[in-house]
Amino acid sequence: MIQKPKGTLDILPDETPLWHEIEDTVQYVTSKYGFSEIKFPTFEQSSLFKRGVGGTTDIVQKEMFTLDDRDGNELCLRPEGTACVVRSVIENGLFNEPMPLKLYYFTNFFRYEKPQAGRSREFFQFGVEMFGTPKASADATVISVADMLFKRLGVNAKLNINSIGCPKCRPNYHAALVEYFSAHKDELCDTCKERLKTNPLRILDCKSPICGALCEGAPKTIDHLCVECKEHFDELRDCLSAMNIEYSINPRIVRGLDYYTRTVFEFISDDIGAQSTVCGGGRYDGLVKELDGPDLCGIGFGLGVTRLVLAIKKNAEKRGTALPENEKPLIYIAPMGNKAQIKAIGLVHSLRSAGVAAECDITGRSLKAQMKYADKIGALYAAVIGDNELNAGTCELKNLRTGEKKSVAIDDLTEIRD
Ligand code: ATP
Ligand code: MG
């Protein structure tokens with residue numbers, strides 16, 4: 001038997017209603033903020049991510065699924081959305097639109113990682129990107145989109161914020177960080193020994209417990225901010241408070257790329273195990289220019305839908321609330337004989353055309369098996385139509401929940417509603 005590739009997930013029919021609810025909520029919330037959806041290719045030039053995500057990141061160093069386009073170019077399955085959106089904004093001249101430009105995506109991404117709970121090789125993200133405003137009120141607005149989504153979906157995710165400064169204040173901080181970790185060099189994991197040379201900020205993001213413990217004593221970015229960055233961070237905090245969004249300051253949240261500036265944030269859920277970051281984002285004022293676009297600032301986040309699903313399920317379990325289900329038919333029509341089959345298919349078609357979920361037998365099973373099936377699929381009403389009913393023009397409508405029966409004209413079955 002052929003199995004799905006390692007690290008991919010089947011999302012089965014009993015789970016898709018929850019996904020629809022998430023997509024509907026995303027659509028609802030983003031439209032209130034004036035974000036429009038953007039779609040981009042499943043694969044892009046690898047160079048987009050090498051430059052757009054950064055050569056020293058895990059994504060580029062270890063996680064890209066690359067393809068050969070047979071013309072000597074290296075392509076790769078998209079590992080993340082921000083670089084794709086920025087490429088599209090530049091290529092399509094969207095930077096000429098009125099600012100701020102507000103875009104969102106909801107799609108699948110691919111990373112070659114070790115599969116585990118909350119981490120797969122194909123996964124979905126909802127992400128938003130806002131371009132053209134450097135103000136802290138924009139950062140707070142973007143953060144509030146994720147917060148509103150979590151609240152509407154009943155997910156308990158805690159907001160952690162930090163500021164990693166700007167090209168002006170970062171060198172001071174880098175120096176302090178390198179000094180601190182150099183003194184503990186031998187204790188660092190092998191990856192972090194390398195990071196100390198290439199990208200020391202990334203050490204703060206290390207998942208190893210020993211590096212984690214060392215990070216506790218490391219210098220904090222927020223203690224090294226320049227006046228402007230400090231003001232920006234304070235304004236962000238005021239804006240969040242004005243929106244009653246609770247947060248903690250977490251000095252270990254960093255985005256180890258040069259073009260990330262100032263605000264970085266994560267939403268963390270205690271309900272979903274080790275892969276607890278449901279959403280991560282930040283301000284990337286240098287990225288558009290880095291990818292040969294105009295000098296256009298931006299801020300955004302990526303929210304892992306697979307982890308969101310885990311969090312929603314966990315919450316529903318805790319609270320004893322039901323998850324969304326597929327729509328159940330209002331009525332099941334059980335035909336006996338060929339003439340009744342034709343009648344039933346016409347009736348069911350009228351009901352469906354009028355927006356009513358309805359079923360009739362199309363398998364030719366026995367009446368007993370049909371009634372068992374009607375029960376199983378959760379139909380509220382059932383009506384049996386045979387030659388006698390056709391001749392009389394009436395049939396019995398049974399409420400399968402209460403057992404109550406009443407006689408109705410067959411042609412009136414199309415009028416049945418909730
Ligand atoms: P992590 O530290 O968990 O590897 P990351 O920093 O690589 O996360 P981002 O690139 O910021 O993650 O992506 C944003 C969100 O997308 C994550 O917070 C997570 O919810 C989700 N995500 C990232 N990688 C995966 C994956 N392999 N499987 C499922 N969800 C993922
Ligand atoms: Mg990762």
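Start at 1 with the first residue, then count along the sequence. Whatever order the structure lists ligands and atoms in, that order sets their numbers, starting from 1. The figures here come from the full heavy-atom set of this structure, side chains too, leaving out hydrogens, waters and symmetry mates.
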Item checked: Protein heavy-atom partner closest to atom 10 (O) of ligand 1 - residue, atom, separation in Å -> R111 NH2, 2.8 Å

Next item on the list: Starting from atom 21 (C) of ligand 1, locate the nearest protein heavy atom and write down its residue, its atom name and how far away it is, to 0.1 Å.
Entry: G304 CA, 3.6 Å

Item checked: G302-ligand 1 polar pair, N/O distance under 3.5 Å -> no

Item checked: Top protein contact for atom 20 (O) of ligand 1, by heavy-atom distance -> T277 O, 3.0 Å

Next item on the list: Using a 4.0 Å heavy-atom cut-off, say whether V278 meets ligand 1 through its side chain, its backbone, both or neither.
Entry: backbone

Item checked: I210 atom CD1: more than 12 heavy-atom contacts under 6.0 Å -> no

Next item on the list: Pick whichever of Q125, E63, E80 has a heavy atom sitting closest to atom 16 (O) of ligand 1.
Entry: Q125

Notebook entry, point to check: Could K32 and Y28 be counted as a cation-pi pair, given that NZ or CZ must be under 6.0 Å from the ring centre and within 45° of the axis?
Noted result: yes

Next item on the list: Can you establish whether the number of heavy atoms outside E179 located under 6.0 Å from its atom CD is more than 12?
Entry: no

Item checked: Residue selection (non-hydrogen contact nearest atom 26 (C) of ligand 1) among Y112, F109, F123, F301 -> F123

Item checked: Closest approach of any protein heavy atom to atom 19 (C) of ligand 1, naming residue and atom -> R307 NH1, 3.4 Å

Checklist line | atom 8 (O) of ligand 1 protein-contacted, heavy-atom criterion under 4.0 angstrom | finding: no

Check: What protein heavy atom is closest to atom 6 (O) of ligand 1, reported as residue, atom name and distance in Å?
Finding: R255 NH2, 4.4 Å

Notebook entry, point to check: Who's the nearest protein heavy-atom neighbour of atom 28 (N) of ligand 1, and how far?
Noted result: S120 N, 3.0 Å

Margin query: Distance alone, cut at 3.5 Å: any donor-acceptor contact between the side chains of Q275 and Q116?
Written below: yes

Item checked: Q116, R119, E113: member with heavy atom nearest to atom 1 (P) of ligand 1 -> R119

Checklist line | Within 45° cone and under 6.0 Å: R365 NZ/CZ vs Y373 ring | finding: yes

Note to self: For the NZ atom on K151, are there more than 12 heavy atoms of other groups (residues, nucleotides or ligands in this structure) within a distance under 6.0 Å?
What the structure shows: yes

Next item on the list: Would you please determine whether K207 falls within less than 4.0 Å of ligand 1 on a heavy-atom basis?
Entry: yes

Margin query: Is it the case that the side chain of R252 and the backbone of E216 share a donor-acceptor pair, with hydrogens and angles ignored and the cut-off at 3.5 Å?
Written below: no

Next item on the list: Give the intermediate values and the outcome of salt bridge (Lys or Arg N to Asp or Glu O under 4.0 Å) for residues E359 and R352.
Entry: CA-CA 9 Å; E359 296 283 338; R352 289 170 176 163; 3.6 Å; yes

Note to self: Can you classify the ring geometry of Y105 versus F40 as parallel (below 30°), tilted (30 to 60°) or perpendicular (above 60°)?
What the structure shows: perpendicular

